[in-house]
Number of protein chains: 2
Amino acid sequence: MKVLVADDDGDLRDLIGFTLTQSGYLVLKAGDGPSAVRRFEEESPDLVVLDINMPGLSGFQVCEAIRKRSRIPVMMLTVRGEEEDLVRALELGADDYLTKPFSPRTLLARVKALLRRAGMENTAPLAAGRVALDLQEHTVSIGRAEPVRLTKLELRLLQMLLANAGHTVSSDRLLAQVWGHRSGGDRQLLKQLVHRLRQKIEADPAAPALLRTAAAGYKLLVE
Amino acid sequence: MKVLVADDDGDLRDLIGFTLTQSGYLVLKAGDGPSAVRRFEEESPDLVVLDINMPGLSGFQVCEAIRKRSRIPVMMLTVRGEEEDLVRALELGADDYLTKPFSPRTLLARVKALLRRAGMENTAPLAAGRVALDLQEHTVSIGRAEPVRLTKLELRLLQMLLANAGHTVSSDRLLAQVWGHRSGGDRQLLKQLVHRLRQKIEADPAAPALLRTAAAGYKLLVE
DNA sequence: CGCGCCTGTAACCTGTTTGTCACCCGCCCG
DNA sequence: CGGGCGGGTGACAAACAGGTTACAGGCGCG
């Protein structure tokens, strides 16, 4: 699990780095804005901790640059009392912030919370209602029926829907999350995948009870 | 977009409620732990704001109960300086916390950030008077009637009008926003779309009470 | 090599949504 | 009075989206 720490204060950088390393994270460091962006692109970390005040590019600008190509969790560091800053940071797409000074323990708790939320820890919800997913075995169990084997894509699709159980997930989002690319044209793929998945998990595939078509997307029905 | 606010301090509850309602969120309130859990189960809100100190069940216990059945964003309210509290809250699965006292603006920014992160971003909070739009489900609810399904264009039109609720929006602006292009001639399209929308949302489509014709455009009437 | 299985593509069918047209009415104005 | 104008309505066709079937290429595996 890679974490990029960007701060111009070397001592603080080391403190954060030490804390995270102790907990088993792989830590990358950057001392100014431009090198933060560069390291981000080279290493594609799983989380970024960003100070706002940095030479070269401000934390805001770095955050903006990151958000242009990725939704990984970003935590901003602010000085107490600068409410403007944190409102701006959150509007730019930062996921959380810490006010200096902070304790290592707090930092760790927040970092873990962010990663958990981003679904990077396998704390991902693997069950909702009667649907239980087994990522290891590539199977899904509906109610108390026999587990059904799923293909890689089917698993990813179901995982996405499960993560948003009960809520509609737009076709675009599914396309992006399952295939990771081309947000545009490939409706057909999704159409097919849904069809195939329904054959496997629906009692009556012609009248879906679980995987329902909803406005502009699909949703997993759970009671 | 439903938000459940649980706090035993009635004034604070009202302040938060007011702030969120102003921004178009549908707000549910609870004054103690048990009723917070009950309302959560009855209403399945999209986000929960939880005070830690509450009679009946503490915010921690409520958070735990919620996490047993759902991953929706939970924001905890803490008093300044209780670092133990917030570490514990985050470990229990809370997604964010706010330290009292906080400004309404901060609250709003954090709530929006949480919802965006939860992937409900395209569900911009849209409601005014008795009209509540659900962008995710492509539906609109008038008062407490059944939600009505809307097509893509109907949704866009209503969204425009809702964003300017009570004020006239010119036909040209509507044309531009809904269809995005083409200059003249397309009055007919708008005429039709309004007609179709009225059939869906007006009690008596022949005598529109909500979607009124105004000079050079249309307006949404809200009380 | 042949055999499955998984994935992507295409074609067809269906119901829904959107665009177009023709016509209505009430209103203003010469 | 009659004609033009701006909306409102109904009917219909074109375009579209989702479900389905069929099939071909790719890949691992015996």
Side-chain angles (χ1 to χ4, degrees), chain A residues 137-140 148-159 161 168-220, chain B residues 137-140 148-161 168-219:
Chain A
E137 301 295 325
H138 280 214
T139 60
V140 62
V148 182
R149 281 188 49 91
L150 297 178
T151 72
K152 213 170 26 172
L153 293 184
E154 288 161 356
L155 190 77
R156 284 242 279 284
L157 174 63
L158 198 46
Q159 196 180 352
L161 291 171
T168 301
V169 188
S170 75
S171 297
D172 286 335
R173 238 158 79 76
L174 289 174
L175 243 351
Q177 310 252 24
V178 175
W179 281 270
H181 54 101
R182 44 186 161 179
S183 56
D186 272 341
R187 302 283 149 148
Q188 179 62 15
L189 292 181
L190 184 56
K191 220 172 27 169
Q192 275 301 329
L193 191 57
V194 167
H195 183 237
R196 282 159 180 162
L197 187 49
R198 276 178 179 156
Q199 299 295 324
K200 291 193 177 181
I201 68 172
E202 293 283 359
D204 176 7
L210 282 169
L211 206 178
R212 300 285 281 271
T213 304
Y218 296 90
K219 71 157 88 170
L220 200 64
Chain B
E137 301 295 336
H138 283 208
T139 60
V140 62
V148 180
R149 279 187 45 110
L150 298 178
T151 70
K152 225 172 12 181
L153 294 186
E154 288 161 357
L155 191 79
R156 285 241 280 284
L157 174 62
L158 199 47
Q159 192 180 352
M160 261 350 277
L161 291 171
T168 300
V169 187
S170 77
S171 296
D172 287 336
R173 233 158 77 74
L174 289 174
L175 247 342
Q177 301 276 352
V178 175
W179 282 270
H181 53 99
R182 40 186 149 189
S183 45
D186 281 351
R187 295 301 159 106
Q188 182 58 21
L189 291 182
L190 183 55
K191 233 178 7 176
Q192 275 299 332
L193 190 58
V194 167
H195 181 233
R196 283 160 179 161
L197 186 50
R198 278 177 177 155
Q199 298 294 325
K200 289 194 177 180
I201 68 172
E202 293 283 1
D204 176 6
L210 282 169
L211 206 177
R212 301 287 280 270
T213 305
Y218 295 89
K219 71 156 87 170

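In the text below, chain A, chain B and the rest are named by the order of the sequence lines, each starting its count at 1.
Glu137(B) contributes no side-chain N or O that, together with a main-chain N or O of Ala214(A), makes up a donor-acceptor pair within less than 3.5 Å. Under a 3.5 Å cut-off, the side chain of Arg156(A) and the backbone N or O of Val178(A) do form a donor-acceptor pair. Looking only at distances, a side-chain donor or acceptor of Glu202(A) sits under 3.5 Å from a matching main-chain atom of Leu210(A).
Counting to the nearest Å, the C1' atom of dT17(C) and the CZ atom of Arg156(B) are 13 Å from each other. In this structure, the CZ atom of Arg149(B) is 14 Å from the P atom of dA17(D), given to the nearest Å. Computed from coordinates, the Leu193(B) CG to dG19(C) C1' distance equals 11 Å when rounded to whole Å. At whole-Å resolution of the value, CG in Leu155(A) and C1' in dT7(C) are 15 Å apart. As a whole-Å value, the separation of Leu189(A) CG from dA10(C) C1' is 12 Å. Atom CG in Asp186(B) sits roughly 14 Å away from atom P in dG7(D) (whole-Å rounding). What separates CG of Leu153(A) from C1' of dG8(C) is a distance of 10 Å, to the nearest Å. Rounded to a whole Å, the CG atom of Leu174(A) is 11 Å from the P atom of dG18(D).
Between Trp179(B) and dG19(C) there is a side-chain polar atom (N or O) within less than 4.0 angstrom of OP1 or OP2. Applying the 4.0 Å criterion to OP1 and OP2 of dT7(C), one finds that Thr151(A) has a side-chain N or O inside that range. Phosphate proximity of dG18(D) to Arg212(A): absent, as no side-chain N or O sits under 4.0 Å from OP1 or OP2.
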How far apart are the C-alpha atoms of Lys191(A) and His195(A), what are their side-chain angles, what is the distance that settles it, and do they pass the side chain to side chain contact (heavy atoms under 4.5 Å, CB included) test? CA-CA 6 Å; Lys191(A) 220 172 27 169; His195(A) 183 237; over 6 Å; no
Starting from the C-alpha separation in whole Å, work towards a yes-or-no answer on side chain to side chain contact (heavy atoms under 4.5 Å, CB included) for Leu190(A) and Leu157(A). CA-CA 9 Å; Leu190(A) 184 56; Leu157(A) 174 63; 4.2 Å; yes
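Using a 4.5 Å cut-off on side-chain heavy atoms (C-beta onward), Tyr218(B) and Leu197(B) make no contact.
Asp172(A) and Arg187(A) are joined by a salt bridge, as a carboxylate oxygen and a charged side-chain nitrogen come within less than 4.0 angstrom of each other.
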Measure all distances between protein nitrogen or oxygen atoms and nitrogen or oxygen atoms of nucleotides 25-29 of chain C, and list the pairs falling under 3.5 Å.
none

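Contact between Asp186(A) and Leu175(A) at its shortest, heavy atoms only, is O-CD1, 3.6 Å.
Under the rule for a salt bridge (charged side-chain N to carboxylate O under 4.0 Å, His left out), the partners of Lys200(B) that lie at least two apart in sequence or sit in another chain are Glu154(B).
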Once base and sugar-phosphate atoms are separated, protein heavy atoms under 4.0 Å mark nucleotides 19-26 of chain D, 5' to 3', with B, S and - as BBBB----
